[in-house]
Every structure is written in C-alpha cells, then in structure tokens.
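Read through the structure below, which is laid out as structure tokens, and then see the notes.
The chains referred to below are lettered A, B, ... by the order of the sequence lines, with proteins before strands, and numbering in each begins at 1.
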Amino acid sequence: MARDYKETCLLPKTAFAMKGDLFKREPQWLARWESTGLYERILARPTGGRFVFHDGPPYANGHMHHGHVLNNALKDFVTRSRNLLGERTRFIPGWDCHGLPIELNVDREAKRKKENVSPAEMRARCRDEATKWVDVQRTERKRLGVLGTWETPYLTMNKGFEAQVIRALRAFVANEIVYRGKKPVQWCWHCRTALAEAEVEYAEQHVSPSIYLKFPLDAVSAAALRDKLPPGVDRVAAVIWTTTPWTIPANLAIAVHPALDYVVLRGADGEGLLVAAALAASVAKAAGLDEAVVGPSFKGEGLVGLQGRHPFESRWSPIYGADHVESGAGTGLVHTAPGHGRDDYKLGLAHGLEPYAPVGDDGRYTGELGDGAKALGLEGQFIFDANPILEQHLASLGALLQKPGQKITHKYPICWRCKNPLITRATTQWFIAMDEPMKAPGFFNVTLRERALSEIDRLAADGARAETEGVARGWVPSWGRERIRGMIESRPDWCISRQRIWGVPIPAVQHKATGEVVLTTELLDHVAKVFAERGADAWYSDDPTVLPELIRCADGTLRPREEFARDPSIIDVWFESGSSFYAVCEPEPDLGAKVDLYLEGSDQHRGWFHSSLLVGCAVLGEAPYRAVLTHGFVCDEHGRPYSKSEIRRRQEERRNEIVARVTGGEALESALAAMRSSWATPEKVADAKKRLGKKTALDDVALAIAQDDIEYIPPEKIIAEQGAELFRAWAVFVDYENDMPYSRAVLNQAIDAYRRVRNTMRFMLGALRDEPAPLLAEVTLEPLDRWALVRLGEVLATCEAAYRQYRFRTVFATVLDLCQELSALYLDASKDRLYNDAADAPRRRSAIATMQHLVRSIATVVAPILPFSAEDVWDHLPAFAGKGDSVHLEFWPTVPAIDDGAALLTSMQQIGLVRDAVFAQLEPVVQAWGVEKQAAKKAGREPGAGEIAFADSARIDHARDAAVTIGPFAEAERATITLTDAQVAELLGLGALHLAPAVTNVGARRASGPPCDRCWRRRGDVGADGLCPRCRHAVDVFDRAAGAPA
RNA sequence: GGGCCCAUAGCUCAACCGGUUAGAGCACCUGACUUAUAAUCGGGAGGUUUCGGGUUCGAUCCCCGAUGGGCCCA
C-alpha cells in the first residue's frame, strides 16, 4: 500500500479561528487596549499632520439606540482612519447634560415623593441623574470599540464648559444682537416653558375643534362690496376658519391675500359670506347650504382696509393683506391673533398691533382678557377647556356658520417631553436678532443671518474645490447646503431663554426699583470667571459675589449689586451645544476653534450644525467647521424608521391582519402566503397550527408569528450575542448617506461579508503556518505574486482615496472584492506550491512572502472599520522585523513597485477571458460527471462505468485532469499574456493548457499520464515511486527534517 | 401644506462627462472537491433601472409631472 503523503504536505495551519467568537473576545481586546494605553500610544506617534474632529454631544438620558450606535461607529471610523493615514486625530467624547428631559425626570420623582425641592437641590439631583446616564452611555459607547478619552469626556455641565457658554453669549452681547422682547413662542403649559424648534414634536392624529366664524362687516365696509353681492343679500360678514377657538378672545385682525380671488357667498337669511372664490363651495357645504350662490369675484386687495366686528368683544378687526394666506383650506380669510401665532405676530408688527396674549404660563386665561370674555367667566379657565364654552357661546350669538361640535384630525405640535399639545403664546424672552447688524469690531455690521448664509456658501464653494482634489470638505453630501440654507433663511430670531432650572443661567439682572434689565459684557465677564471657578450653580446660591459689586446701568450709573435681582431663566440647550467648539476645542492649543469635521445625522441641520454655525458666526465671525458630514436614519426593510415603538406597532398590525384573515375563513398557510410572510416555513406553520389546535388563542399565536416575522433587534443584542464588530460591519455594508436598512436579513448579509474577509485572512495566515515569512525583498517574486501585489496596490489607492472622502463602504467593498478575487484566483492557484513544494522552494517562498504582505496590509486597511478582527489577525501574524504589538499602531501600508505591473494586469485581463471560455467548455463535462456519479451511487455501483465522453473520449473528473487547448488567439493577443502556458494552466487549476493561435475553438482532453500520489497532478512525469520529481524532493526534505525516513 | 433628499435583480450595493449587451456580492437552483470543510471552487437563472411625459442620434443619468418613502418644518 502506498504511503499516505498527506502529512508531508504543508497544509494550512494557524491558531486563527474560523469563528470569531467576537462577543466573548472583544472585551478582552478592549481591556488590553486600555491597559496598554493604545489610544495615547497612537497619538504619540510622529505624524505629518493633524486632524481635528469634534464629537457632537448626545443627550445624557436613556440608553443608546441604533442611531447613536451607528453614529459612534462612523465617528470611530473617522478617528482611526485619519490616524492610520498619518493625521494625528483625537476623539474627545462629550455629553449634553442640561435640559428639560432630565429636569422633568427629577421633577417627577420629587413630585411623586411630595417633596418641595429648592432650585439648588434640584440642580444637584439633575447633575446626579445626568452623571448616571453618562456612565451608562459611556459603557455602551466604549463597548462598541470607539477609541477616545473616555475618562475625561466633555460635559456641558462642567464648570469650564459653562463658563465658555457665558463667554460665547458675551460675544453676542458685544455684537449688540441680544434683546428682550415679547414674541410668540411655542409654549408648553404643562412644563411651563418655551420650547426650541428642536424640542417640538408633532402628533399625527390630533383632534381639534373646527369652527367657521363670522365677523360682520361694518356699514362702510359692506357698502364697499355693494356691487359684489349675489341676489338676495343685504349684509356681509367675513368668515374665518380656526381650529383654536381659544384664541378668538385674542383676535385683533383678519388677513386676506391681496392677489387671491374672493366672492360673497349667499348664506342663510340673506346674509353674505365673504370667502375666497376657490373655497366658496367647501364653505357652502360646511354651512349646510344646498348650493353655492356667489356674486362676482374680485381681488383680495379690494378688501384691505375694511373691518369686521369681533363676535363678543367691543372692537373691530381690521382686514389686512398678507402673503401667508393660502387658498388650500379654510376660507381664505385668516383669523389673526398677534400674540398667538408667528405669522399673526409678523402681520401685527407691520400694522402696530400688540402681541396680545391673555394666557398665562399654565395655559389659563389671565385678567388681560376683554370684557366680553370675562363676562363668560373665562378668566382663570384652562384654554382647552374653554374651547367648547366659546363654541357654544359663539353658536348662541349666531356667529358660527356650522353646527357646534365639528372636529378635525390633523398634525399638531406637541411637547417632545410630556407630549401635551403646545400653544403659541407671546411671552417676554431673550432673543438673538438674526437681522440686526453685528457691531463688534471685525464683524463689519453684517447681520447674523447674512454672515451665516455667506458662510454656508463659502463652505459649499470650498467643498466643490476640495472635491477636485479628491478630498471631502464643506457640506457632505453637497445637498446639505440647500438644506441648512433654507433653514437659516427662514428662521425667526433665536429665542434663547427658557423658564427652567437645569441649565446655564442667563446672567442678566433686573434693578428692583426701576425694573431696568441689564445684560452687559462687563457683567458677563464677571460671571464667566465665577462660573469657571464654581460652576453655574453659583447663580442659585445666596452668595452676592456672583455679581460684581457695582453694576452699570444703561445711563452709565453704577449701582450696588444688592439692588438687583437675578434673571431666573436659563439658556436654550442648543445654544450650549452650539458653543461646544468654543468650550472644548478653542481653549486647547492642540485643537483650536476651527474643527475639520462635524459628523451627525441629517436632523442636525436644524439642530447642532445650525446652532454651531450661528454661535460660530457671532463668536468667530465664521463657521466653526470645515466639513459637515451627515448620515441617514436606521430603517426597517420597508424604509420605515426603525424604533421599538414603530416595530411594535407593525407587529400589532400584522397580528390583526392574520387574525382577520383566519377568522374570515382563510387557512393559516394561505393567509401567510398572501401576506408574503418570510416566516411561513412549513415546519413553523405546522407548529403554529398545532398550538391553535391546543386551543391557544388565535390572538396569541398570531402575535407570536408577527413578532417572529417582524423582529426588533436592539443593538445591544447584536453586540452581546454576535459582537460589536458585526454591528460595525453592518454600518459599513449599507450606504449611510441614505436611510440604512436594518433587519435580520441585512445583518446576516453583512456577517457573511465579514466572514468572507475573515476566512481569506485565515487561509493566508494558514499558509504562513505560524512561522516567520521571508520579506518581499528576500525572495524572487513569481509573476502571479507580482500580480497580487499590483492588485493590492490598486486596492490601497482606492481605499486611501475612499477614507479621505469618508466613503467607508467603498473601503470595505473594495477589500471584500479583493478577497473574493484572491480566493477564487490567486489563492486557489497557489495551493499547489504552498502545499506540495518543499518548504524552502523558491516558488513557495515567493508565495508566503507575498501572502504575509497581503495579510499585513489588508489587516491594517480594515483596522479602522473592524478593529477587533484586525487585531486578531495581527496577533496571529508571525513576527517580522518592526512588527508592533498592535495593528492600530501601523501607518498606511505600502507596496513595492512592480516593474511589469501594467503588463501583468493586461495578462490577467486576457486570462480572465480564457478562463471564462475554458470553464464554460468544461462545465458540461464536469456536470455530466456529477450526474453519472450520483446515478452510480443510487445504483450502488462504482461511478465511471458509463464513461463520460468529451473531446478524445477520455474521462475528465476534475478541471485539473483536463488538458485544454484554446484559440483563436491573434498573435498580438497572445503576446499580451506575459505568463507561460504552464503558469496560466496553474492559475486556472487546469492540468495543462495550450494557448494556440491556430486553433479555432476550445478543446479539452484528459491530461496524459497517471496522477502523482502526493499532489494529484497529471504532468506526465510521475516516477516509479508514484511521485513527481517535485514531490519526491519535497518528501525527501520533509523526511530529513523529521529525522526519520519512512 | 412647504424645504431638502431617496427610488437600479428577492436583498445590499455598482455603473467616469448622457454613449456597446446595466455590473458585483448575498440569497436561490445546480455541479465539483474533501488538500481553507460550520470552509472553498465552477456553472445557471434572475432587470420594462418605481410610473407617465419631454429634450437628444442616444437617457439609469438631464427636464417636467405622478406614486411611494425618509429627514426637517408649518
């Protein structure tokens, strides 16, 4: 019996596991990186440049959700890749700690315990609450593998940060664009505070009253419309439509669009109803009229200057022209209460109307109400409770066009925190003027809005320039410009005050006697110093030294601080986070106020990017960032936002559908099939039916199916069960510029891609067999190896460019592509020399030197994306000169120049064509062999009894048994292939290949001679011992090394 | 209702300026191998580029409109 030569073959050998077991092992790497000070060591490396990245602070409340995790993964890709490319990049994580959600949590807890808490104590509790969540989120963010200064993050509640916020505010004051004014703001009567734009949410299905209300025109006004009346009409009323009857007591005017067409509609009892022509029919319908009889139409400008009588107050509501009036819904005449609406306010401002808002902090009417409303007993009444009272009253006055009690379901603003409906209410607040010239030296009297807009454009222009250099700067993607521009263009003045406790106080003071309010740079300078030492809590202490001894009033007189009271408002948290570049980066000589990159979700065009831009423009005179990169949102496979509540809603929807179909008589299978359930495998259906048979309620079974079908996979579950690396692989597998699909199926695809890379690395590590490999310079490279290195060079160039443009997907896809190509071609073709050549054979040395270089380079390239696995590879990569203890200490890999690189690429391109032709020809043969083998197995006989005929009738079991002749080749084409026929044959896994210009097609026959017992190749040179000379030599070498001849 | 964006194979993504027959991978079907084996290699099928118009010699790409979806606002 022949010797089993398997042990003499140098088969792959490595301790690098096929299975990552990442979830178990990641914490070990994290611990190691921390204990060896990896982050500091990365930064300590000598580099040519530096890159300033600035973390946008997540809110320190609750656990991290998918969006946060994605965002953190992308940020880590940035930090790690810039460091890899030789730009020293720090990552200082931060948290947004002040603000309403935390305060409300603490408040709720205090109320539950019926405690009366002082502001100072309240703030202390809020600080504890914020600290608690910072700790939770820090653990979660670190677990993802994000590298950074986790022990010294920046917190907006830190003393130094608070002081810098005051200094940022100082810059606005110095620019003379901070003012106090009464303006309508979005107000939450429950939380008793004004809300920022970003704090407002919208309820989709809010139910409001819907009333059409008549304002009878005075005699003069009616006379002006005399020739517009339809027959049978003798008097006219303007008709408005509103969903907020509670604002009627504050009505001061009616708005029409000057360019819109209006008509008088004949109402009941000969009353004329003034409405927009386009809406006459719908108003008639609402009023219960059988038909819409109208007079001649006329432009709205003809109405300007007329007036209607308020239904229950003794005053007139003048009609004004306004562009915001629309003809899409309502009546085309808009009820205007300048104290309760933004457009209303603007219109009132233009015509000298007060922002009249007789509603208090708590949403109850105040004594400012008119006599008519007071007579109704509305004073002290909660406004939403007043709606039906008002409606009833208006109906009794005959002022309503429709029957009372009509409702409308529409989208309505609600408080982000308590979810109660918001109201618009004029209050006294601190504002930053968007359109006042900035007066500080160096700001050239440009308004904040103008400066912000010009900065947006400057960034865009710079981005376009950078693009031609293959770098990403400015707005990335470029439509970010359009988006933020629209917002800055149309935004109102910035309301920066909030009537809450947990935040940075607005350090203004009010003179107790005169009522004068003071907010000066002098005052702010003093307070900033105090906050820097003692924190903003000082504002809430009794200590008088928080204020300067003497405070300068507007007339220049200095008054003692005892005469002043401190402003109880705090600053909008968006102002704080918008100042983060100033608080975190500006003071560090290593960083500076100009940040290279901000990276957040596209919602931050209104949030952090926006507030940072405004603060930057008033503090620095320019945008604080050079590039703004945005990502989309995590969605399910239908493109819907991926959140726990959304998924639960869809699960219930699905359950209901299942229940409805089954109770409707449909069989479970067909119901599921009709619903295209991916879940409905026969086994599962059978199981479900069994459960139904056991009298489990249909509801429960259906819900179980739905929950299985539409699965909610929290990020911590992926991380705990599969590893953070796989979440990172997902993040890089989908396109973050758009919405990112997230589901079990997509995750599995990302995991498969990851495995592909991992296995390719594993094979090459196996080829190295845990032994140091020769360096490239120490071997004579085979053409195939030179080709692999040329390909590596191409991949490195692509990946470097991609990293510079934050196209992480491209990096991963390119590496994955290389792995596929190496696996199918290069590695497959190298197996023979790796396994069967003698250990020190030049061909084999060439291969392992190349593979060592490939592994090392690929691990380094993917390290920013897959830091754990890259480190795993590095750990298993045999030592070489200059090898550091972590892949993350590496710089961007290089490849030696390959002289005949271009020729090799051309060759491989040609060989690709040859390959396609050969495999296509061989396929039916191999296929037939497979069929024969299975038939033989079934019949219980040896395969091959019926010979597979091909070409010269010799059987071909495997491609390596085939000797192929392929043509036609022009001599010129053949000349572009710089490899020999034997080399090409090996590359394709063929026994032999002859590229013959003269032949007109592909021909294959069985390679001649018996196969070598060891390497199984038919080369026609097998000796009497059953081995080819190459294997004979290899076995001799092996035996000599083993010291024992067989 | 408004601003910005997205739509290519069952899924995730490609396709330089408008230019040959729209490409990969996964999944699917199928074969090989047992010397990468919870691995690897070969082959196959799969597209009216969401729909409707327009510009052009030529449109996935440019323009207009519709539909569906997202973010932000009202």
Legend entry - Span that lies between the C1' atom of B:G18 and that of B:U60, in whole angstrom: 11 Å

Legend entry - Separation of the P atoms in B:C5 and B:U48, to the nearest angstrom: 28 Å

Legend entry - Side chain of A:Phe919 - closest among B:C71, B:A14, B:G42: B:G42

Inset, instruction - Measure from CG on A:Asp832 to P on B:A36 and round the result to the nearest Å. - result: 12 Å

Inset, instruction - Give every residue pair that meets the salt bridge (charged side-chain N to carboxylate O under 4.0 Å, His left out) criterion with at least one member in residues 757-771 of chain A, sequence neighbours excluded. - result: A:Arg758-A:Asp872

Inset, instruction - Please measure how far the C1' atom in B:U35 lies from the corresponding atom in B:A45, and state the result in whole Å. - result: 32 Å

Legend entry - Base B:A36 to side chain A:Thr760, donor-acceptor N/O within 3.5 Å cut-off: no

Legend entry - Atom pair distance, as rounded to whole Å: OH in A:Tyr835 and C1' in B:U35: 5 Å

Inset, instruction - Please evaluate the base of B:C71 for a donor-acceptor partner in the side chain of A:Arg483 within a cut-off of under 3.5 Å? - result: yes

Legend entry - Separation between the C1' atoms of B:C64 and B:A59, rounded to whole Å: 15 Å

Inset, instruction - Could you check how far CG of A:Leu827 sits from C1' of B:U40, rounded to whole Å? - result: 10 Å

Legend entry - Proximal nucleotide (of B:C72, B:C41, B:U12) relative to the A:Phe733 side chain: B:U12

Legend entry - Rounded distance (Å) that lies between atom P of B:C4 and atom CZ of A:Arg481: 11 Å

Legend entry - A:Glu467 CD: over 12 foreign heavy atoms closer than 6.0 Å: no

Inset, instruction - In whole angstrom, give the distance that lies between atom NE2 of A:His876 and atom P of B:A36. - result: 20 Å

Legend entry - Distance, P atom - from B:C63 to B:G69, rounded to whole angstrom: 24 Å

Legend entry - Candidate nucleotides B:A39, B:G70, B:C41, ranked by approach to the side chain of A:Arg640 - the nearest: B:G70

Legend entry - Rounded C1' spacing from B:G44 to B:A27 in Å: 14 Å

Legend entry - Nearest-Å distance once atom C1' is located in both B:C26 and B:C62: 33 Å

Legend entry - side-chain hydrogen bond (donor to acceptor under 3.5 Å, both in side chains), paired with A:His605, selected from A:Arg481, A:Glu482, A:Arg483: A:Arg483

Legend entry - Heavy-atom donor-acceptor pair, A:Gln749 side-chain to B:G25 base, under 3.5 Å: yes

